[in-house]
Structure formats: C-alpha cells, structure tokens
Protein chains: 2
Amino acid sequence: MNPTKEKILHAAIDLFSRNGFTGVSIREITKAVGIKESSLYNHFANKDEILETILDLFRAEFNNTLVPPEILDQILDQTDVGSFLIRGFEKYKEHIRNPMIEQLWRILQIEQYRDPRARTLMLDFLIGHTMEFLTLVFTKFIEKGKVRPDWDPELLAIEYQYPMFTMVSEFNMLKFDNRDTTAIEQRMAQHIQFFVKIVQP
Amino acid sequence: MNPTKEKILHAAIDLFSRNGFTGVSIREITKAVGIKESSLYNHFANKDEILETILDLFRAEFNNTLVPPEILDQILDQTDVGSFLIRGFEKYKEHIRNPMIEQLWRILQIEQYRDPRARTLMLDFLIGHTMEFLTLVFTKFIEKGKVRPDWDPELLAIEYQYPMFTMVSEFNMLKFDNRDTTAIEQRMAQHIQFFVKIVQP
DNA sequence: GTCTATACGAGGATAGAC
DNA sequence: GTCTATCCTCGTATAGAC
C-alpha cells in the first residue's frame with residue numbers, strides 16, 4: 001500500500017477509535033497526516049471507504065490469530081486444558097499489545113449500532129467464529145478424556161469466553177484512561193484457573 | 001418536566017442510540033419533535049446538556065433497580081442461590097423490556113470512548129456497583145451455608161455476572177436488527193443453571 | 001415558549017493548475 | 001499525487017418579533 005494511503009489509514013484509525021466515525025472530519029484526518037483535504041481523495045473515494053478499509057483490516061487481523069484446523073488435533077494431543085487456555089491467553093495478550101489492534105477493537109465497539117457492517121463483524125464473525133472454534137476445542141478435549149463430559153461443549157465455550165469478552169472490554173476502557181489494569185489482568189488469570197478446576201476430569 | 005422538554009429528550013435518546021451523539025444534529029432532533037431549532041434552546045442550553053441529562057437519567061434508572069441493603073439479609077434467608085439469581089434475572093428482563101432503557105444502554109456503549117462521563121458511568125458506576133452488590137450477596141450466601149466456601153466471593157461475582165454482560169450486549173445487537181433472540185436467552189438460562197450447580201454445597 | 005431570520009464556521013467533496 | 005481555490009450543504013447557536 002502507498003505510504004500516504006497508509007498514513008491516512010492509521011491517522012483515521014487513531015481518530016475514529018477515540019471520537020467515532022461521525023465525530024471525525026476529513027479535515028482532522030488530513031491535518032494529522034499533513035496533507036490537504038483534496039489529496040485524500042486520490043487515495044480514498046470518500047470517507048466511508050476509509051471505514052470500509054478499516055473493517056477489512058480488522059477481518060484480516062482476526063483471521064491471522066486463528067489456529068488452522070488441520071493442526072488443532074495435534075496441539076490438543078500435546079497439551080491439557082489449562083496449558084492450552086493459558087497459551088491462548090498469552091497469544092491474545094501479544095495480539096492486543098499492538099496499539100493498532102486495540103484501536104480497531106474500539107472502533108468496532110463504537111460503530112456497532114450505527115454501522116451494520118461493524119455489527120455483523122462483531123456478532124457473526126468475531127463472536128461467532130470464536131465460539132465455533134472453542135466449541136470444537138472442548139468437543140475434542142472431551143473425546144480425548146481431558147475434560148469432564150458433564151457439560152455441553154458449547155456451554156463450556158460460553159463459560160470460558162464470555163467473561164473474557166467483558167474483561168477485555170473493561171481492560172480497554174481502563175487502558176484508555178491510563179488507569180491501573182493489574183487487577184483486571186489478575187482476574188483474567190483467576191478466571192482461567194477457576195474454569196480449569198471445574199472442567200478437569 | 002415540561003412536556004416539550006420531555007419530547008426532545010426522548011427524540012434525542014432514540015436518535016443518539018442509533019447514530020451516536022456526534023452522528024445526530026439538532027436539526028434532526030427538532031424535526032423529530034416537530035419544533036424549530038431555536039425552540040430547543042428554551043429547554044437545553046446546548047447539545048451537550050441533552051447528553052448530560054440522558055446520562056443522569058441512566059444513573060437514576062440504574063439506582064432504581066438496586067436492592068436496598070437493609071432488606072438484603074431478609075431476602076437471602078428466604079431463598080437459595082438458584083431462586084435468587086433467577087428472580088434477579090427476571091427483574092432484569094422486565095427492566096430491559098422498557099425500550100428506553102435499551103436505548104440508554106446503547107448510548108452508553110457508543111459513547112464509552114468519546115465521552116469520559118459515559119466511561120466512568122459504565123466502569124465505576126455500573127460494573128463497579130453490580131460487582132460490589134454481588135460480592136456482598138455471595139459473601140452472605142457463604143456465611144449462611146448456602147454456597148460452597150471453596151471460592152472467593154468476588155470471583156463468584158465475576159463468574160456469574162461477566163458472561164451476563166456479554167450476553168446482554170449480544171442480545172441488544174440481535175434485537176437491534178430484529179433477529180431471533182431465543183438462542184441467546186436460552187444460553188442465559190443455561191448459564192444460571194451451570195453456575196448454580198457449581199456453587200451449590 | 002415558539003416562531004422567522006440569520007450568522008458563520010465546519011462538513012464532505014470537486015475542478016483544475018502544477 | 002499534491003496543491004489552491006471553491007462549492008454548497010449542514011451544523012450549532014443567537015436575536016428579536018409574536
């Protein structure tokens with residue numbers, strides 16, 4: 001991608017993530033980049049195309065974090081539930097440590113009601129795929145006798161992941177104000193411990 | 001409150017909840033109400049004062065749902081964890097069945113990053129007070145021998161409430177598009193069952 | 001309290017020179 | 001690809017008549 005286009009995109013991500021799509025003007029974006037308004041239109045047809053590009057970027061980044069299904073069985077054979085979830089959590093923390101990813105999350109939250117694309121991305125893509133993946137993981141863990149067969153794998157996926165969604169959202173809000181996040185990070189770790197203790201055979 | 005002022009407020013809540021504060025103009029609000037722009041300023045000093053009034057309203061509505069601490073012990077003596085949580089869930093559903101409340105939730109979600117007041121309301125007030133209340137509830141349940149003393153009451157509050165936050169948020173998004181919500185409602189009920197089974201002595 | 005009229009800066013976007 | 005200049009609509013807000 002053209003370096004100016006990239007600059008525009010990143011300035012837009014930064015601004016949208018703080019003030020929302022409707023709260024940011026083309027003038028602000030171009031001012032942040034250091035170009036004139038008219039120059040922006042050499043890279044994007046209009047303001048909405050910037051947002052569309054951002055949503056595409058989010059989709060791509062999310063796909064990057066998924067474990068390929070081919071190697072899933074192999075991984076699950078080599079680990080127990082606890083190590084698997086902790087490892088996933090560590091990977092997630094790496095992921096979110098990238099400030100741009102954090103900004104993309106915020107944009108999705110802000111635009112979820114105003115923009116149907118953001119809503120679908122959040123509901124069907126993000127929540128949907130994560131739940132599908134975890135349901136598969138717990139199904140296999142139960143088959144392998146590494147998780148108690150007492151509960152529906154889909155319920156386990158919810159019990160594990162849904163608290164995480166809220167904690168991540170809380171974490172993001174605290175970070176946004178530069179507030180202390182150790183308490184919430186500790187809670188995430190405690191949640192994993194709690195969950196593992198309950199599902200272990 | 002003056003009837004025109006009330007109409008303005010409700011039109012603003014409706015519009016803000018769909019397009020966000022920055023995505024709605026004074027012209028749109030007054031058009032929805034059927035008055036001229038200038039008339040609005042007889043009721044609110046400026047656009048921001050409308051949002052401030054909305055946030056105050058949310059605070060008041062939330063306070064309405066809290067159980068007074070004086071009568072908590074009495075309630076907890078009369079019920080087990082399951083009935084207590086199911087009853088709370090029913091009350092919550094009544095609460096959210098009010099379309100205005102639903103809209104207020106959406107506004108809070110949309111504005112959480114742009115507006116520090118919305119962020120504090122969400123983090124410290126809403127999440128904070130709910131957790132405080134539930135931690136107290138589980139502490140007392142443990143004292144009364146109605147919940148296993150194996151876990152920290154605060155952890156129990158998180159394990160119960162945090163998945164609910166995500167599910168409510170998901171529920172709201174689905175409802176916004178008039179999509180089917182029976183699956184998510186069923187999951188909420190399953191979550192309560194799961195939780196009760198785990199904490200029961 | 002509501003209206004008409006108006007101010008005036010900010011908004012997205014384009015034409016055309018370089 | 002970037003600039004200057006410009007368009008025209010929308011945005012918040014006020015003054016003053018009724």
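The shown structure was predicted, so the numbers you read here are calculated from the model rather than taken from an experiment. Proteins come first, then strands; the chains are lettered A, B, ... in the order of their sequence lines, and each starts at number 1.
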Are B:K36 and C:dC3 close enough that a side-chain N or O sits under 4.0 Å from OP1 or OP2? no
Atom NZ of B:K7 and atom P of C:dG1: how far apart are they, to the nearest Å? 13 Å
Could you walk me through whether A:L57 and A:M100 pass the side-chain contact (heavy atoms from CB on, under 4.5 Å) check? CA-CA 10 Å; A:L57 186 61; A:M100 193 193 71; 3.8 Å; yes
Test of ring centre spacing under 6.0 Å for B:W151 and B:F138: no
Closer to the 5' end of DNA chain D via nearest nucleotide, is it A:R27 or A:G34? A:G34
When rounded to whole Å, the CD to C1' distance for the pair B:E49 and D:dT12 reads 14 Å
Return the value, rounded to whole Å, for the distance between atom CD of B:E37 and atom C1' of C:dC8. 15 Å
Counting only side-chain N and O atoms of B:S39, is one of them less than 4.0 Å from OP1 or OP2 of C:dG1? no
I'd like to know if B:S38 reaches the base of C:dC3 with its side chain such that a donor and an acceptor end up less than 3.5 angstrom apart. yes
Could you tell me how far apart A:I35 (CD1) and D:dT4 (P) are, to the nearest whole angstrom? 12 Å
Given atom CD of B:E6 and atom P of C:dG1, what is their separation to the nearest angstrom? 13 Å
Applying a 4.0 Å non-hydrogen cut-off, can you work out what A:V24 is touching in the nucleic acid: base, sugar-phosphate, or nothing? sugar-phosphate
Apply side-chain contact (heavy atoms from CB on, under 4.5 Å) to A:H10 and A:V33, showing your working. CA-CA 9 Å; A:H10 285 98; A:V33 176; over 6 Å; no
Separation of C:dA13 atom C1' from A:I29 atom CD1, nearest Å, is 13 Å
Which nucleotide, C:dG12, C:dG1, C:dA5, lies nearest any side-chain atom of A:I26? C:dG12
For the rings on A:F165 and A:Y162, is their centre-to-centre separation under 6.0 Å? yes
Tell me whether the OP1 or OP2 atom of D:dG1 has a side-chain N or O from A:N2 closer than 4.0 Å. yes
Assuming nearest nucleotide by heavy-atom distance, tell me which of A:F21 and B:L40 is located more 5' along DNA chain C. B:L40
Considering every strand and a 4.0 Å limit on heavy-atom distances, what is the contact class for A:S25: base, sugar-phosphate, or nothing? sugar-phosphate
Where is the tightest heavy-atom contact between B:K47 and B:V24, given as atom of each residue plus distance? NZ-O, 2.7 Å
Would you kindly give the OH-to-P distance between A:Y41 and D:dA5, to the nearest whole Å? 19 Å
Can you tell me the distance, in whole Å, between the CZ atom of B:F44 and the P atom of C:dG1? 12 Å
